[in-house]
Amino acid sequence: MTTLRSGCSSSISLEPRVRPLRIVNPMPEKPYDHNQIELKWCERFSGANLFEVAEDPARPKYYLLEMLPYPSGTLHVGHIRNYTIGDALARYKWMRGFNVIHPMGWDAFGLPAENAAIANKRHPREWTLANIEKMKAQHRRYGFSYDWSREVSTCEPEYYRWNQWFFLKMFEKGLAYRKKALVNWCPECATVLANEQVVDGCCWRHESTPVEQRALEQWFLKITAYADELLAAIGELEGGWPERVLTMQRNWIGRSEGAEVDFTLAESGRKVRVFTTRVDTIFGATCVILAPEHALVEELCGAEVRAEAKRMIDARATKGPGDIEKEGAFTGLYAESPFGGGAVPVWIGNFVLTGYGTGAIMAVPAHDERDLEFCTKYGIAVKAVIRPVEGEAPEGVAFTDDGIMMDSGEYTGLTSAEGRKRMCERAEREGFGKYAITFRIKDWGISRQRYWGTPIPMIHCAACGTVAVPEKDLPVVLPINIQITGRGRSPLENVPEFVNVSCPQCGAAARRETDTMDTFIDSSWYFYRYCDAQNANAPFDSAKIAYWFPIDQYIGGVEHAILHLIYSRFFTKMMRDLGLIANSEPATRLFTQGMVIKDGKKMSKSVGNVVSADEMAERYGTDTARLFALFAAPPEKDLDWQFSGVEGAYRFLARVYRFVTRNADTARTARATGPANEADKAALRKLHQTLHRITEDFDSRWHFNTSIAGLMELMNELYEHESEITPGAMATLLPDVVLLLGPFAPYLAEELWEELGRTGPVCKQAWPAFDAALAVEDSVEVVVQVNGKVRARITVPNGTGKEELEAAVLADGRVKSHTEGKQIAKMITVPGKLVNIVVKG
RNA sequence: GCCCGGGUGGCGAAACCGGCAGACGCAACGGACUUAAAAUCCGUUUUCUCGCAAGAGGAGUGCGGGUUCAAGUCCCGCCCCGGGCACCA
């Protein structure tokens, strides 16, 4: 792992259009010099690894994780927002006494490095390591609370050897396998993509590049072996994960219960197996439709039909996003349902998917909209076999609900549910079908025809076939001396010393697998490695996992809802079944933060609206950047990055700085006491109200924008009473103010803590204790409504009872003017808040 | 089409269990300080009507209904924006 300098550099180049904030100070007091303060503390903490943690059974643990970044080279304020949310929480949890593990690392393999290498003639490794160094320096400058001793970089052999190790374990268990299949090919990436990485028919990284279908030999991971559990366990995540992420995963897994049944072809007697969720409608099936790729097309159909099928396949391979028109062709064949009812024609149809179910369906136009559309187009009969339990079936459209079976032989009169049950039972009994569950999710294709990734530890031997690299030979190291041209096939094919090996089984000359792994493998288990990052003998020590896992809070973008987050859940279950870990889910809570918007658009390099972390640090300071990131919107919502708002955040911090520094002497020398006058009382009351509010925000909904608004209100209150607050109260107040500021503006808090004569990092101090007695108001304003309209406000002592309050209200002159001469029908009284008088006449 | 979010001042937003709509910040305007400006501090700022004024009255949370003493919040029906799913049989 690379060792880096402290990262506290201030020599960051600025773009010319950026005007540094000028600090001109005619006032006799100390100005808020953010650079001086932040660099001082950054430097002072640089050698310490302040947030290093170890297992400690005596303390409650808290595993806080932000999704590991791709080392693109620069942090922008979108990253800053993400990390600031986590950092504020980490600091709060530290102060509440938790043993907080908060790690950071680099998702360092991937295409951008390779593309950069082609463009700039730099080696991907060199480019990646330089980027990591740059970004780590930026992290340090921001002072995020990471335990850097746990840093992980996925492009290092020390890390990716365990990708290979997991792959071998899965290969042994049959969870990793190779097959020729139609796969998604992105011409832009020049590689294969997994299904999860295709969005609207296009590559997830190249949103306007349609993926093509190619038939290739590929490695797959059997995520479908866990489909049932991945779906069922979503229930356990409920409440902790955002509902929409769980919905997306449910949709993606797509479990359907139904039946498989064999139709029998006339003459040949061959069987066509179809999958249906509505076997109760089988007496309404008026044709069977095969996917154009279906094996029987090639076997039994004439040249004309085969040509038509090929045309459909080709058309589908190049289809862009959007719908395709239903097309079909009659095969000349007829088939009969196992439940009888006569032979129906067999068609091929372009809308029947080869990779789902059995690749063949029975069409029931009366009870399925798609089938109706197809059959109407080709003049195929429509036969209703289900009627509604009550009322009439609708005219002209498919009746798709469950109902009562009719014209269905011995099943006539049964409910759909009962019919399905009995028909499945009979199918199993007589061997022409079975009860069946089909999933939408498919196995995870992980082969990539690219260089900058984990080599797949396999060897192809002419005699022995595909042979695993023995565990003792791991890691299969990615060769460094290599030509990357961006042309042709995987660059590894041109490295003879990598490709040419001897077979581990027979010793004969053999070829090494040259595809590399999907980089989503790297990020599927990195959070386990954090718990034991230096382990050279195993991916990790299971005892350490048992202490730290599961992740208590995971924070990241919603764009990974069905990519990283489903792969990670799969890996966790796979690792559990290898006996390596005890937990079945990686994270109990997930938080998806909103995007950062600038000029109405998502911040991105291609739009050119990126605000860099360096620019913010230099011009306003990292505390200001963090404060604004939390203040401008609640964390789950999108945030508009406006510099005028940033200025406001800066002004607030400067205001805090001036207040604390000019009262620091008083606070340091006086003995801390309780309130001695009305100003003290008001100040301490506001302090404890604010403390209560912020604590609530941390413990429940993370609305740090209101936490910070509370701090601003507190400062406004302190400014108002500044001259009257007694030294003793000031000595009580100021340390707590600084502690409350700590999670949001850590450098400033540190500086002010020192100004107050205290030592030790603020984040290791105890969170202030809430005193309800100090927070309580002496008097409250009660709103008086007459017929629901606010007519007066009266101030009464806090705790005034119902009767007393009502008497006071009725005695009020303004109230009388609205009730005079009218009959009071009733009074609704909410003590401490409101009285509503309902009058008549 | 279906399923989630969301729609509140000039702007970002707040109002957590139905109880003062607009906290806090930005922008704008005014005042203090200054030779002046910046910075700072203090104030005004949803809107309309009446009033010289203190003040008084009305309207107002996408639109239309409803429940309630009371609705941004709950219910019914729409409109718009964002996201997800969508030939998965």
Side-chain angles (χ1 to χ4, degrees), chain A residues 21-27 29 31 199-200 242-248 250-252 254-256 258 274-279 281 289 323-326 349-353 355-364 367-371 373-374 400 438-442 558-559 561-562 597 628 631-634 636-649 651-652 654-655 658 693 696-697 700-701 703 705-713 715-716 719-720 781-790 793 814 817 825-830 832-839:
Chain A
L21 201 76
R22 274 185 304 145
I23 312 287
V24 184
N25 179 38
M27 308 275 289
E29 64 186 342
V199 181
D200 287 336
E243 196 50 51
R244 65 178 169 148
V245 171
L246 299 182
T247 303
M248 284 160 78
R250 276 194 200 97
N251 287 341
W252 188 258
R255 182 182 195 269
S256 294
V274 304
F275 173 74
T276 178
T277 54
R278 292 296 304 275
V279 70
T281 66
I289 312 175
D323 292 341
I324 48 164
E325 162 123 27
K326 283 186 183 50
N350 65 341
F351 70 102
V352 178
L353 303 170
Y356 182 79
T358 59
I361 63 165
M362 61 178 203
V364 185
H367 305 296
D368 184 288
E369 280 156 28
R370 298 153 302 181
D371 295 347
E373 187 190 335
F374 184 85
T400 57
T438 296
F439 289 94
R440 207 186 88 109
I441 192 171
K442 306 216 189 76
V558 73
E559 65 273 15
I562 50 168
I597 307 286
F628 178 72
F631 177 66
E636 73 278 6
K637 286 184 61 174
D638 288 352
L639 179 158
D640 197 16
W641 199 269
Q642 288 185 34
F643 280 97
S644 56
V646 175
E647 306 257 1
R651 274 200 288 273
F652 169 69
R655 204 166 140 86
R658 286 193 305 270
R693 184 171 171 183
E696 292 256 291
D697 280 337
S700 59
R701 43 176 213 159
H703 277 200
N705 53 330
T706 59
S707 304
I708 292 165
L711 282 175
M712 289 171 168
E713 282 181 43
M715 285 317 295
N716 290 345
Y719 265 71
E720 195 184 326
E781 194 180 73
V782 173
V783 169
V784 185
Q785 298 179 335
V786 178
N787 286 348
K789 286 191 192 298
V790 178
R793 293 152 208 275
R814 290 159 303 182
S817 71
K826 64 172 159 177
M827 273 175 94
I828 290 99
T829 303
V830 184
K833 280 209 163 143
L834 167 140
V835 177
N836 190 7
I837 305 165
V838 184
V839 298

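Residue numbers begin at 1 in each chain, while the letters A, B, ... track the order of the sequences.
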S.K.: Using the salt bridge (charged side-chain N to carboxylate O under 4.0 Å, His left out) criterion, which residues pair with A:Glu243? Sequence neighbours excluded.
M.R.: A:Arg250
S.K.: Which is it for A:Thr281 and A:His367 under the side-chain contact (heavy atoms from CB on, under 4.5 Å) test, yes or no, and what are the steps along the way?
M.R.: CA-CA 7 Å; A:Thr281 66; A:His367 305 296; 4.1 Å; yes
S.K.: If you measure from the P atom in B:C11 to the same atom in B:U61, how many Å do you get, rounded?
M.R.: 16 Å
S.K.: Walk me through it: do A:Phe628 and A:Trp641 pass the test side-chain contact (heavy atoms from CB on, under 4.5 Å)?
M.R.: CA-CA 9 Å; A:Phe628 178 72; A:Trp641 199 269; 3.7 Å; yes
S.K.: Checking contacts here: which listed nucleotide (B:A59, B:A14, B:G19) is nearest the side-chain heavy atoms of A:Lys789?
M.R.: B:A59
S.K.: Mind telling me whether B:G18 is syn or anti, cutoff 90° either side of 0?
M.R.: anti
S.K.: Does any part of the side chain of A:Val838, heavy atoms only, come nearer than 4.5 Å to the side chain of A:Asn787, both counted from C-beta?
M.R.: yes
S.K.: Quick one: which of B:G84, B:C24, B:A59 gets closest to the side chain of A:Met248?
M.R.: B:G84
S.K.: In whole angstrom, give the distance that lies between atom OH of A:Tyr356 and atom C1' of B:C87.
M.R.: 12 Å
S.K.: Taking the P atom of each, how far is B:G9 from B:A89, in whole Å?
M.R.: 44 Å
S.K.: Give the dot-bracket line for RNA chain B from 5' end to 3' end: parentheses for intra-strand Watson-Crick or G-U pairs under 3.5 Å, square brackets for crossings, | for inter-strand pairing, dots for unpaired.
M.R.: (((((((..(((......[....))).(((((.......))))).(((((....)))))..(((((..]....))))))))))))....
S.K.: If we take the P atom in both B:A27 and B:A21, what is their distance in whole Å?
M.R.: 28 Å
S.K.: Separation of A:Arg244 atom CZ from B:C2 atom P, in whole Å?
M.R.: 21 Å
S.K.: Quick one: which of B:G25, B:C85, B:A89 gets closest to the side chain of A:Asn251?
M.R.: B:C85
S.K.: Categorize A:Val352 for me: base, sugar-phosphate, or nothing, with a 4.0 angstrom heavy-atom threshold over every strand shown.
M.R.: base
S.K.: Quick one: which of B:C4, B:C24, B:A89 gets closest to the side chain of A:Thr277?
M.R.: B:A89
S.K.: Start with the C-alpha gap between A:Thr276 and A:Ile361, add the side-chain angles, then the distance that decides, and say whether side-chain contact (heavy atoms from CB on, under 4.5 Å) holds.
M.R.: CA-CA 7 Å; A:Thr276 178; A:Ile361 63 165; over 6 Å; no
S.K.: Using atom C1' in both nucleotides, what's the gap between B:A39 and B:U34 to the nearest angstrom?
M.R.: 11 Å
S.K.: Please list, for nucleotides 27-29 of chain B, all pairs of protein and nucleotide N/O atoms separated by less than 3.5 Å.
M.R.:
unit_1, atom_1, unit_2, atom_2, d
B:A27, OP2, A:Arg651, NH2, 3.2

S.K.: Nearest whole angstrom, please: distance from the P of B:A89 to the CD of A:Glu369.
M.R.: 13 Å
S.K.: Tell me every residue that passes side-chain hydrogen bond (donor to acceptor under 3.5 Å, both in side chains) with A:Asp697, counting only those two or more places apart in sequence or in another chain.
M.R.: A:Thr706, A:Ser707
S.K.: Both conditions, 6.0 Å and 45 degrees, for the charged tip of A:Arg655 above the ring of A:Tyr719: are they met here?
M.R.: yes
S.K.: Of the nucleotides B:C24, B:A89, B:C20, which one has an atom closest to the side chain of A:Glu781?
M.R.: B:C20
S.K.: Could you tell me how far apart A:Arg814 (CZ) and B:G57 (P) are, to the nearest whole angstrom?
M.R.: 11 Å
S.K.: Whole Å only: how far is the CD atom of A:Glu636 from the C1' atom of B:A13?
M.R.: 12 Å
S.K.: Tell me the interatomic distance from A:Glu696, atom CD, to B:A14, atom C1', rounded to whole angstroms.
M.R.: 16 Å
S.K.: Using O4'-C1'-N9-C4 for purines and O4'-C1'-N1-C2 for pyrimidines, with syn meaning within 90° of 0, is B:C17 syn or anti?
M.R.: syn
S.K.: List the protein contact pattern of nucleotides 64-72 of chain B with one symbol per nucleotide (5' to 3'): B for base contact, S for sugar-phosphate-only contact, - for none; contact means a heavy-atom distance under 4.0 Å.
M.R.: -----BS--
S.K.: Of the nucleotides B:C20, B:G58, B:C87, which one has an atom closest to the side chain of A:Val790?
M.R.: B:C20
S.K.: Under 4.0 Å between a side-chain N/O of A:Arg658 and OP1 or OP2 of B:C41, yes or no?
M.R.: yes
S.K.: Is any side-chain nitrogen or oxygen of A:Arg701 closer than 4.0 Å to OP1 or OP2 of B:A15?
M.R.: yes
S.K.: NA contact type, A:Ser256, heavy-atom cut-off 4.0 Å: base, sugar-phosphate, or nothing?
M.R.: sugar-phosphate
S.K.: Does CD in A:Glu369 sit with more than 12 non-hydrogen atoms of other residues, nucleotides or ligands closer than 6.0 Å?
M.R.: no
S.K.: By nearest heavy atom, map A:Gly357 and A:Gly710 onto RNA chain B; which one lands nearer the 5' end?
M.R.: A:Gly710
S.K.: Is A:Asn716 touching bases, backbone alone, or none of the nucleic acid, heavy atoms closer than 4.0 Å?
M.R.: sugar-phosphate
S.K.: How many Å lie between CG on A:Asp697 and C1' on B:A23, as a whole number?
M.R.: 13 Å
S.K.: Taking only Lys NZ, Arg NE, NH1 and NH2, and the carboxylate oxygens of Asp or Glu, determine whether A:Glu713 and A:Arg693 approach each other closer than 4.0 Å.
M.R.: yes
S.K.: Between B:C29 and B:G65, how many Å separate the two P atoms, rounded to a whole number?
M.R.: 40 Å
S.K.: For the residue pair A:Val783 and A:Gln785, establish whether any side-chain heavy-atom pair is separated by less than 4.5 Å.
M.R.: yes
S.K.: Can you confirm if the NZ or CZ of A:Lys326 lies within 45° of the ring axis of A:Phe351 and under 6.0 Å from the centre of its six-membered ring?
M.R.: yes
S.K.: Given the C1' atoms of B:G6 and B:G55, what is the spacing between them in whole Å?
M.R.: 40 Å
S.K.: Measure the shortest side-chain to side-chain distance between A:Val784 and A:Ile837 over non-hydrogen atoms and say whether it is less than 4.5 angstrom.
M.R.: yes
S.K.: Answer yes or no: is there a side-chain heavy-atom contact under 4.5 Å between A:Lys833 and A:Glu781?
M.R.: no
S.K.: Using atom CZ of A:Phe628 as one end and atom C1' of B:A13 as the other, report the distance to the nearest whole Å.
M.R.: 11 Å
S.K.: Using the P atoms only, state how far B:G7 lies from B:U73, rounded to an integer number of Å.
M.R.: 11 Å
S.K.: RNA chain B: A:His703 or A:Ile708, which has the more 5' nearest nucleotide?
M.R.: A:His703
S.K.: Between B:A89 and A:Thr438, is there an OP1 or OP2 to side-chain N/O distance shorter than 4.0 Å?
M.R.: no
S.K.: From the set B:C41, B:A15, B:A89, return the single nucleotide nearest to any side-chain atom of A:Arg655.
M.R.: B:C41
S.K.: Can you tabulate the close N/O pairs, meaning under 3.5 Å, that link protein atoms to atoms of nucleotides 5-12 of chain B?
M.R.:
unit_1, atom_1, unit_2, atom_2, d
B:G12, O2', A:Ala632, O, 2.7

S.K.: Suppose you measure atom P in B:C79 against the same atom in B:C26; what distance do you get, rounded to whole Å?
M.R.: 40 Å
